[in-house]
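All values derive from a computational prediction rather than experimental measurement. Residue numbers begin at 1 in each chain, while the letters A, B, ... track the order of the sequences.
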Number of protein chains: 2
Amino acid sequence: MNILDKITRNSELFSKSEKKVAEAILANPQTAIHSSIATLANLSGVSEPTVNRFCRRLDTKGFPDFKLHLAQSLAQGTPYVNRNVDENDGPEEYTNKIFESTMAALDIAKQSVDISTINRVVDLLTQAKKISFFGLGSSASVAHDALNKFFRFNVPVVYFEDIVMQRMSTMNSTEGDVIVLISHTGRTKSLVEIAQMARANDAIVVGITAADSPLGRESNYVLSLDVPEDTDMYMPMASRIAQLTLIDILATGFTLRRGNKFRENLKRVKESLKDSRFSLN
Amino acid sequence: MNILDKITRNSELFSKSEKKVAEAILANPQTAIHSSIATLANLSGVSEPTVNRFCRRLDTKGFPDFKLHLAQSLAQGTPYVNRNVDENDGPEEYTNKIFESTMAALDIAKQSVDISTINRVVDLLTQAKKISFFGLGSSASVAHDALNKFFRFNVPVVYFEDIVMQRMSTMNSTEGDVIVLISHTGRTKSLVEIAQMARANDAIVVGITAADSPLGRESNYVLSLDVPEDTDMYMPMASRIAQLTLIDILATGFTLRRGNKFRENLKRVKESLKDSRFSLN
DNA sequence: TCAATTTTGTAGTAAAATTACAACTTAAGT
DNA sequence: ACTTAAGTTGTAATTTTACTACAAAATTGA
């Protein structure tokens, strides 16, 4: 639907000159919608028909129709586009690009989450006897963060980044335990094995991973996040950030579900941190 | 701003035929934006110049410009605002709110970063003999993530979340070492002490923290991020996510600075991960 | 290296929007 | 009721903009 996304994502569909047009538009979409086909052709350094062909390739009726779509995208509140960092970018460029593509990734992820699964998982977490968060590599820090968040809730929660510890912990799991496994690809062998072990012990497995993956298939519940692929080398993994946001959501759902008395408790935890801090002045 | 509102409200400004145009547009705005001036004139039962005059009266440059404004009005969705989660929100509401306020936080953080400091810090990191990332609490997982990213670069990098280990490591630091300390508030006592120790050893201290804070003042370089305060209990800490994005930016700057041969190396690391994964099928 | 295919631009054409101006309408003053 | 001036609307010409057909250039594969 959103034509700006379409331009960024289907960039391989364009020919060389069409890519120039795409760049010119992405560089300054506000200018683009107020330009005539001739002006935009100039700006992109191509001929008018090329601009026209570019519009057609995006399934619009022509240039004016394209401008309409573009105007709508801009108004839609999605000013963030996933622009790739390239070799010649200076600090200003790559800083802005990374911020923007992270926001764009979150926006896409937002549209892909399944609310009812979230609700169900929050349910399970509030009733869990023990909650475990496991991940490896870059997902380990996400699991680590989850530990931090849930630890404040004063519930039994564990986190390991060591495969052996993860296995040992899982072997001792029982019915009523919830094990959250985090993996972007869902193809990390040792996590898939953990999922199998956990289910054999009647523990519930929640996968924060791709739905159609070995880990996804071994999980009782899958929270999948569509995140634009990190196509090139420079692109940082936006999936981590989407995963963290998902953790925030689960933690928030958890707090809301627990009700008022529980939140009093949370305040106390926050207070207790003050001792390890310098005062405000 | 919104042109649809303007049409409805300022109806007394229009002449008789212009009102016909207004009606025709309000009756079916979706059709209007896809019509030519001739079609719309027909639909309204007036002449083409009348339609044009109608557009001008609404302070647009002409018919095409008017269509753009109209298209934007129609597409106008909710922009990213920092809406707080409240007690009565269901899963759908709090999920959307958290995604949106995270994006809003990134947007604000983006505007507050100091590019020249980033550039300077990237410089230091590429020349460092050893890089350390330390954080506590929720900043520990950010440091953990930084370790992951920089570890791939095959540079000497360490990370500890244990205060004692952090101190020991810092005591052995020397000139040429860079120590990155992460703390949202910048008031964590033990990190401030580490900053002092590090500087006493001629190591360079980079603080990812508030500029005007004890830790900020003890750092050689401060990368500060303005992030909306988590005003209430339910609000998750968006600062973590902004910090992670900053780590991404530093890592990207690092890769870009190191040049081509270095990136070949990165590819090899990516390849080597494949063995621990299931194949794509 | 040559033929086939794709991509791109030039020049001409068609369509759309705008302008200038004339005709009509309306309302006020005589 | 007639005249006139201001305002409104439409016709026709003009200008601008977008599109099409075709030819040149570039790319690809044999």
Practice task
Could you give me the CA-CA distance, side-chain angles and deciding distance for A:Val51 and A:Phe66, then say whether side chain to side chain contact (heavy atoms under 4.5 Å, CB included) is met?
Solution key: CA-CA 10 Å; A:Val51 175; A:Phe66 167 78; over 6 Å; no
Problem - Donor-acceptor contact below 3.5 Å, side chain B:Gln72 vs main chain A:Ala71 - result: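 Yes; at least one donor-acceptor contact below 3.5 Å.
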Exercise for the section: Would you kindly give the NE2-to-C1' distance between B:His34 and C:dA15, to the nearest whole Å? Expected result: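 Those two atoms, NE2 and C1', are 18 Å apart.
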Handout entry: Integer-rounded Å distance: D:dC19 P and A:Phe54 CZ
Key =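 To the nearest whole Å, that distance equals 14 Å.
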Handout entry: Ring centre gap for B:Phe151 and B:Tyr159 strictly below 6.0 Å
Key =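 No, they do not, as the ring centres are separated by 6.0 Å or more.
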Handout entry: Summary of protein contacts for nucleotides 8-18 of chain D, nucleotide by nucleotide, where a base hit scores B, a sugar-phosphate-only hit scores S (4.0 Å, heavy atoms)
Key = -BBB------S
Exercise for the section: Can you establish whether the number of heavy atoms outside A:Gln196 located under 6.0 Å from its atom CD is more than 12? Expected result: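 Above 12, so yes.
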Exercise for the section: Can you tell me which residue pairs pass the salt bridge (Lys or Arg N to Asp or Glu O under 4.0 Å) test with a partner in residues 59-68 of chain B, sequence neighbours excluded? Expected result: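 Applying salt bridge (Lys or Arg N to Asp or Glu O under 4.0 Å) to every pair that reaches into residues 59-68 of chain B, excluding sequence neighbours, yields B:Lys6-B:Asp59.
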